[in-house]
Protein chains: 2
Amino acid sequence: MPSPAVDPAAPSVEAPVDPEPATPVIDDKYVEAGRKLTAMAEEDTRAYDRLAYISDVYGHRLSGSQALEDTIDWALETMREDGLAKVRKEKVMVPHWVRGEEQAAFLAPVERPLPVLTLGMSVGTPRRGITAEVVVVNHVDEIDTLGEQVKGKIVLINMAMPPYDHDHHDSFYGPTVQGRTQGASRAAKYGAKAVLVRSVTAHSLRTLHTGTLVYDEDLPKIPAAAITPEDADLFARMVARGETPKIRLKLGAKLLPDAESGNAIGELTGRELPDEYVVLACHIDSWDVGDGSTDDGSGCLMAMEAALMLKELELIPRRTVRVVLYTNEENGLRGGKAYFEAHADELHVAGLESDSGAGAPWGFGIGGDQAQYDALLPYAPLFEGLGAHNFTLGGGGADISPLTQAGMLGLGLRPDTSHYFDLHHSPADTIDKIAPYHLERNAAAMALMAYILAERELDGPAQPLKVPEPEPEPEPEPEAKAENE
Amino acid sequence: MPSPAVDPAAPSVEAPVDPEPATPVIDDKYVEAGRKLTAMAEEDTRAYDRLAYISDVYGHRLSGSQALEDTIDWALETMREDGLAKVRKEKVMVPHWVRGEEQAAFLAPVERPLPVLTLGMSVGTPRRGITAEVVVVNHVDEIDTLGEQVKGKIVLINMAMPPYDHDHHDSFYGPTVQGRTQGASRAAKYGAKAVLVRSVTAHSLRTLHTGTLVYDEDLPKIPAAAITPEDADLFARMVARGETPKIRLKLGAKLLPDAESGNAIGELTGRELPDEYVVLACHIDSWDVGDGSTDDGSGCLMAMEAALMLKELELIPRRTVRVVLYTNEENGLRGGKAYFEAHADELHVAGLESDSGAGAPWGFGIGGDQAQYDALLPYAPLFEGLGAHNFTLGGGGADISPLTQAGMLGLGLRPDTSHYFDLHHSPADTIDKIAPYHLERNAAAMALMAYILAERELDGPAQPLKVPEPEPEPEPEPEAKAENE
């Protein structure tokens, strides 16, 4: 229910001048939209049913896979059936990395199998595998300290992700994941043969988590794989006892020629300013383990559902709401880059990305500056009925990062992420982890925020994006990517 | 610290006659023993260090494996070094079941791999595998309802274990595990080709849990394997959509000739009644996944540590404390049966088994009748410093069940089991799940209870066991086993 600050009975006039900072009065239409969307979210499980369908029927959706293209085709057909406008697939060429067989075993001081999961974009090992001693470091920076001591060895980056809760995961993931993204090249610099990385999670049931690495093109490419936190601890105990672990690692991963994929787009045409856009963003690709329901199937179903809810409730805002299901977020961000190249000359007033799973609704991270945050904060009480009323400064998403870097206001949906990294990039990322009513309410929260962003008055005309001069470097910096992948 | 009811300053005399039921006064020596053991438990991580050693160096310990025998040899050597008396291995022939390769895949309505983990003692499939449609039931009893409809099919027993907490797991495990223990024969009766069982856990990260099945010798033996709860849900969704799942299942499991193993025994000789015994029980075998640290390596390290604590603190009770590390609890209970056959004529006053993991100390389950429970309850406050002061009626353990069935008082250590079944029989049962201070405090709780049981006055002389007449049936009933395995 709305808070007293947005009493629907109050007239929509400017707040009276007052010595205290006044709470702005929100126009009735937003209050009414919030009420309708909140009510609708209670009634339906459509987004969940659709997500279960694609998860079960197509399965995971790695770039280059037929399952990804089948799911994109399903999304296009579904958006057409939903009555969205200008539904189309915008072609994007994507990396086609395949995992192949993967196998490892301890050879010393014990002999036993070692479960491994190759990191995305890793090269494979020679067919006979790599046999080497393992050196354990607790942080990727320790590799520089060891220097030539890692030559000929396999380096295990045993950096544990601290136990997270709802308020502490972004700050832990970023630093921890550097071992995964940078480790291979950092170790290759000193002649290491391969890298193992402790899976990036605080809660494991012997669980393996993959994710992309980023090679430094100036250094030899060495293979890299995740191991479970439990086995990382085992290596550490061996070393603490003065033993020298030795393993054999066989990885069949390889990179095939780029494959054709595409961003799937559908629109709710704005009633007054159809050439100004609010983007509802997600990524439709996933890792090739689990079914990708929480990363990021749920985000795509929320975005599709949000547009459909607005349409069904006849909440057509002034600007166009454009749903973009980006391809290849996980191992290339080619969808995000291609969209930017194709659409940088259009007027983008805001983008809202959902790529943090589908826990209970909690709120939004709001990018841009303090003034942009302050301008949205008065709308927060409208989200109380959905539980999504916590607005924090700072937000966006990987797919819309080329847009936000060019000046677009970026927002990120923030569900409860207490368990998100338990599942993230692991075989446990499956549809059963999602509650239908969480998914539907998150969709309604996206719909309401999209309505506000696409409807509200701005201080002046929409500004074009600041498109940077083309640079010679084709690849983004590893650190910039690591934060969001 | 002791409660007022056991004020150490009070003289050890009988409580005064009073119209209200009097709280019995506990003799100083027990209070003092509790104090010393509690203090000792705070200082040491010996039990944990030893458990980490065997878990890391030998690994899991399935009956028939070299690792089991190596660990038993280590335990014998360690108990000798600890100065226990009459340390010996009592030979037991055990089943030698081996898992072999295991592989499964959906063939319809989708094609994708299906992770499986063969149930212990299962037969294998033919080398080419079994290809069949899957029929889903939610309870093992539904197989009887379907009857001949399961003929030629693979039956999935999709009974979910309810979410458990500390006070609710025994009551959920027993009913749920029936599908695993009985399912194969119940389905074979109607001509099913194989059985799949939803892993017995409420919390899964795509986790597989094995455990034994028990075949009805009068029915064809069909293979059986566990699948993850997530994949069980997937089958259920397929069926709900009107689809008919079809899979291929290849299991290489087989039963080899019995192997030689043994119960590892060491004693703390009683100072007055050395021929009366209090058994500290655990099982040293484990499943062949994880490292068996919580099921039941921790129980064995607690029992060994308990005896050593008593010895080091010179708390030598009147009766003999006999540590018995039973072999083959998981898939045969041969250790428990062999011990009973060899020792049934000895005076066993009590047995205390630890086979519920190594969570935070909580208390004891006390078997026998209400009078036996009432006689022990006054000692409960002595366990408050260890957190193990919750005494509940009913308890014992699988290994000592032949003894308790013959009249011996049986107790079970009850740590916090909120997460025990997350790990139970799964690859996630590893040493890192255990806190050193929990293990040591549980050991101290076992030591104190052993001291009380072996020291206290009884109402009359110790009674011999009631050894049953030998029966022609060689195997225990499935249900009796299922409760404890």
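So you know, we letter chains A, B, ... as the sequences are listed, proteins then strands, and number each from 1. Computed from a predicted structure; not experimentally measured.
For the residue pair B/Asp432 and A/Asp233, the shortest heavy atom distance occurs at CB-OD2, 3.7 Å. Shown here for A/Leu205 and B/His203, the closest heavy-atom pair between the two residues is CD1-O, 3.8 Å. In terms of heavy-atom proximity, B/Arg206 sits nearest to A/Gly290 at NH1-CA, 3.8 Å.
For B/Ser204, the part lying under 4.5 angstrom from a heavy atom of chain A is the backbone only. Neither the backbone nor the side chain of A/Pro109 has a heavy atom closer than 4.5 Å to any heavy atom of chain B. Using a 4.5 Å cut-off between heavy atoms, A/Phe106 makes no contact with chain B at all. With a 4.5 angstrom heavy-atom cutoff, A/Thr207 touches chain B only via side-chain atoms. With a threshold of 4.5 angstrom between heavy atoms, A/Thr228 does not approach chain B through any atom at all.
Other residues, nucleotides and ligands contribute more than 12 heavy atoms inside 6.0 Å of the CD atom of A/Glu81. Within 6.0 Å of atom NE2 in A/His438, more than 12 heavy atoms from other residues, nucleotides or ligands are found, so the atom counts as buried in its surroundings.
Atom CG of B/Asp231 and atom OG1 of A/Thr430 lie 8.0 Å apart (nearest 0.5 Å). Atom OG of B/Ser293 sits about 11.0 Å away from atom CD of A/Glu230, to the nearest 0.5 Å.
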